[in-house]
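This is a predicted model, so every value here is computed, not measured.
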Amino acid sequence: QVQLVESGGGLVQAGGSLRLSCAASGRTFVGYHMGWFRQAPGKEREFVAAIRWSGGRTYYADSVKGRFTISKDSAKNTVYLQMDTLDAEDAAVYYCATGPIDLDLIGAVAYWGQGTQVTVSS
């Protein structure tokens, strides 16, 4: 059974940084994509960033390009999201996700984590 366990959320001041982690287990992720989505109150869940497990290709939503960096540690089966220059628009519940195709495609996500809250204070 696939499990995705997020950590690292919390409260940060605008302009600050946070690093989220997602520890994955339950299957081999070779050939899969792993990444992050977020959902703010009253808004739809949106794609943030992803990385292909094999090869390490990364891709991002336009809203976070240049501020967020996704990376992975294959030995630990863990994906990270380094978030810099955070602003109020970044406040949301962040969900780890994985699936066999590009995660920014509709229906791509096969498994979700439980989410971790990111709050940005002004």
Under 3.5 Å: donor-acceptor pair, side chain of Thr78, backbone of Lys76 | yes
Between Asp90 and Arg38, does at least one N-O distance fall below 4.0 Å, as a salt bridge requires?
-> yes
Same cluster (ILVMFWY, side-chain, under 4.5 Å), Ile101 and Tyr59 = no
State whether the side chain of Tyr94 and the backbone N or O of Glu6 hold a donor-acceptor pair below 3.5 Å, judged by distance alone.
-> no
Would you confirm whether Thr98, through its side chain, and His33, through its main-chain N or O, come within 3.5 Å as a donor-acceptor pair?
-> yes
May I ask you to decide if Trp53's main-chain N or O and Arg57's side chain share a donor-acceptor pair within less than 3.5 Å?
-> no
State whether the side chain of Thr119 and the backbone N or O of Leu11 hold a donor-acceptor pair below 3.5 Å, judged by distance alone.
-> no
Determine, using the 4.5 Å side-chain heavy-atom cutoff (strictly less than), whether Val109 and Leu4 are members of one ILVMFWY cluster.
-> no
First locate atom CD of Gln13, then atom OG of Ser122, and finally report the distance between them rounded to the nearest 0.5 Å.
-> 9.0 Å
Looking at Val93 and Gln117, what are the two nearest heavy atoms and their distance?
-> CG2-OE1, 3.2 Å
Check whether the ring centres of Phe47 and Tyr60 lie less than 6.0 Å apart, and answer yes or no.
-> no
Is it true that Trp112 and Leu20 fall in one hydrophobic cluster, defined by side-chain heavy atoms closer than 4.5 Å?
-> no
Tyr95 and Phe37: aromatic ring centres closer than 6.0 Å?
-> no
Scanning both residues in full, the closest heavy-atom pair of Val120 with Ala88 reads CG1-N, 4.0 Å
Is Arg52 close enough and on-axis enough to Tyr32, meaning under 6.0 Å and within 45°, for cation-pi?
-> no
Decide side chain to side chain contact (heavy atoms under 4.5 Å, CB included) for Phe29 and Arg27; before the verdict, give the C-alpha distance in whole Å, the side-chain angles of both, and the deciding distance to 0.1 Å.
-> CA-CA 6 Å; Phe29 294 96; Arg27 63 158 290 138; 3.8 Å; yes
Shortest non-hydrogen pair, Ala49 vs Leu81, comes out as CB-CD1, 4.1 Å
Do Asp84 and Arg19 meet the salt-bridge criterion of a basic N to acidic O distance under 4.0 Å?
-> no
So how far is it from Ser21 OG to Lys72 NZ, rounded to the nearest 0.5 Å?
-> 15.0 Å
Counting only heavy atoms not in Glu89, do more than 12 sit closer than 6.0 Å to its CD atom?
-> no
Donor-acceptor contact below 3.5 Å, side chain Asp102 vs main chain Asp104 | no
Would you say Leu18 and Leu86 make side-chain contact, with heavy atoms under 4.5 Å?
-> yes
